[in-house]
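I have placed the structure first, in the form of structure tokens, so that the comments after it can refer back to it.
What's counted below: heavy atoms across the whole structure, side chains too, no hydrogens, waters or symmetry copies. We're numbering straight along the sequence, starting at 1.
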Amino acid sequence: MASEDRNPSPPPIEVLDNDDDIEILQADLIEGTAFSKKWTLATLLKLGKEVEKEKEGKDEKEAAEANAHGIDISEDLENDLCRLWDMSTNMLVSKYLEEWKTVDILLDVIVKSNAPRVVEIAMGILGNMACSPPIALNFSENKQLRDLVLATLGSSDARTLIETTRLITTCLSMQASQELWLSAISIGEKEVFDKLCFILQSSTNCDLLHATSNLVDTVLDVDEEILNDWATTTLIQAVTEAHKQVIKEKPEVVSMLLHILNILSTTDTGVETLVETTESILPLVIGYISSVCEQDDVMSVRGREHSISSAVSVLDVLANTSPPNLDAVLKHNPKTLPHLLCILAAAKDTSPGPSEPKKAMIEQPTLPKNGEESSSSPSDIASASQSDKKTEVSQHAPGGDEASQDSSVAEVSQNATVAEVSKDASMADVSQDASATKVTQNAPVEVDDSDDEEIECVAVVTKESNFLTDVLMEFFCNLLENHDAGTSDLISCINSCKKEHLDMLKQSLTETNPELLQVLDTKPSG
């Protein structure tokens with residue numbers, strides 16, 4: 001759009017002639033922001049009128065066709081809606097939108113509109129607003145909203161589904177609103193389960209698979225009853241199909257899928273299902289372990305500790321449930337045990353150093369992307385609540401550690417930034433990040449706290465490496481305790497490992513389970 005076609009920005013306050021002009025300008029700004037109230041309400045009004053016009057002058061056949069295939073909206077309206085979506089990342093704007101009953105308008109739009117882009121943006125704005133805990137609680141107490149959002153999981157539009165799953169995950173991440181959503185999911189449990197599994201099984205959109213995996217992971221992590229009900233071969237099949245799609249294009253989702261399998265292994269029903277589907281799961285689990293050990297060596301396990309722990313925990317269930325499954329593990333890839341010993345050595349040798357603190361996979365306000373698939377991102381909002389839940393259910397092994405490194409909230413559309421909002425929407429001419437400017441102006445003298453941060457990061461790295469070491473040692477101890485020389489070539493496989501790795505295992509056993517050392521000296525039968 002040419003610059004001369006844009007709505008002119010209001011003049012800077014310092015060039016206004018009198019106090020009345022300043023008061024008029026400031027009265028139009030949403031409190032604490034540079035965003036225009038008038039423009040915001042006018043855009044919502046325009047959206048409502050556009051949706052009402054969709055069915056005007058159409059007979060039943062035309063209306064049905066529009067409903068089936070969707071319709072497009074004007075570029076001008078889409079641009080304005082994208083700017084409003086951008087604005088909703090500001091919590092003060094979200095508060096203003098809620099005060100003006102925007103939720104009711106957006107729900108009406110989602111129900112009535114046949115334009116997929118409009119529904120996506122409406123759901124995206126709701127998702128951004130829900131990142132404010134008080135607003136999320138209000139949303140969660142709205143039965144109409146809960147029912148409509150869960151029903152929208154049946155949409156055929158990938159970008160709408162991304163924003164829908166993000167909204168649900170955001171509300172589930174907050175303790176105050178969590179129970180209401182779990183109750184709603186439980187009421188329509190089979191329907192919700194079937195829709196999520198269908199997405200995982202059939203979608204080729206990696207961003208959608210990311211968002212859906214995150215939602216399933218979150219639900220299973222916070223509700224044991226749903227966990228038992230969803231521990232079926234259908235879910236396993238859905239996870240393995242999703243894995244095939246994302247393994248190359250979005251490897252961070254593999255971590256989340258592994259964590260879903262790990263959560264299933266924490267219940268008797270889940271263990272039975274995992275064992276029943278061993279042939280489907282082994283390629284996923286062993287494939288991930290092999291990917292960590294390129295050329296039979298591991299440079300570093302940092303940043304992957306929890307993903308590896310999830311894979312090893314699932315493998316432990318498969319290998320130690322019965323001797324035939326142990327044989328299946330060894331035959332699938334004879335290098336699996338050498339690889340695990342290699343990883344164990346790397347975990348023990350990890351030298352703690354500066355590292356970015358791990359982030360929980362919680363949702364954060366997203367910005368619209370024109371011409372591309374939207375994607376969900378992690379958030380600091382309510383991260384403590386979600387992190388605690390994951391720690392409680394899966395023994396400090398949350399999924400998504402690679403995702404925490406790769407995901408970024410910097411996915412800002414160049415055609416729909418907050419800067420454009422301030423230029424196009426009759427707003428004051430301020431910097432793109434008003435809040436950041438304010439902080440800079442009032443910032444105290446900087447204090448170098450890098451030493452404290454480094455100490456904290458060292459502690460994080462040490463804790464995660466120690467946790468991975470414990471999981472691996474438990475796996476090897478279980479193997480040796482359940483060893484049956486008549487049914488497995490386990491000992492010969494372990495003894496074929498590198499001498500330094502075998503010595504390291506023996507040293508660890510000497511410290512923890514010395515009685516198992518004699519098992520390593522057992523000569524395999526035959």
D207 bridged to K250 by N-O distance under 4.0 Å
yes
Within a radius of less than 6.0 Å around CD of E141, do more than 12 heavy atoms belonging to other residues, nucleotides or ligands occur?
yes
Would the number of heavy atoms belonging to other residues, nucleotides or ligands and lying under 6.0 Å from CD of E189 be above 12?
yes
Donor-acceptor list for residues 144-152 side chains, cut-off 3.5 Å, not counting sequence neighbours:
residue	atom	partner	partner atom	Å
R146	NH1	S140	O	2.4
D147	OD2	K143	NZ	2.6
T152	OG1	L148	O	2.7

S313 meets the side chain to side chain donor-acceptor pair (under 3.5 Å) criterion, sequence neighbours left out, with none
Applying salt bridge (Lys or Arg N to Asp or Glu O under 4.0 Å) to E249 and not counting sequence neighbours gives none
Considering residues, nucleotides and ligands other than E225, do more than 12 of their heavy atoms fall under 6.0 Å from its CD?
no
Contacts of T233 meeting side-chain contact (heavy atoms from CB on, under 4.5 Å) (sequence neighbours excluded), chain-then-number -> T273, E276, T277
Might you work through the salt bridge (Lys or Arg N to Asp or Glu O under 4.0 Å) test for E191 and K195, ending with a clear yes or no?
CA-CA 6 Å; E191 184 179 356; K195 289 175 180 177; 3.1 Å; yes
Test side-chain contact (heavy atoms from CB on, under 4.5 Å) applied to L468 - qualifying residues, sequence neighbours left out:
V301, E305, I308, S309, I343, A347, L472
E474 backbone acceptor or donor facing N478 side chain under 3.5 Å:
yes
Any donor-acceptor pair under 3.5 Å linking the side chain of D223 with the backbone of V219?
no
With K190 via salt bridge (Lys or Arg N to Asp or Glu O under 4.0 Å) - residues at least two apart:
D194
How many angstroms lie between OG1 in T212 and CE in M256, if you round to the nearest 0.5 Å?
10.5 Å
Looking at T165 and L161, would you say the former's side chain and the latter's main chain have a donor-acceptor pair under 3.5 Å?
yes
Decide if atom CD of E511 counts as having more than 12 heavy atoms of other residues, nucleotides or ligands within a radius under 6.0 Å.
yes
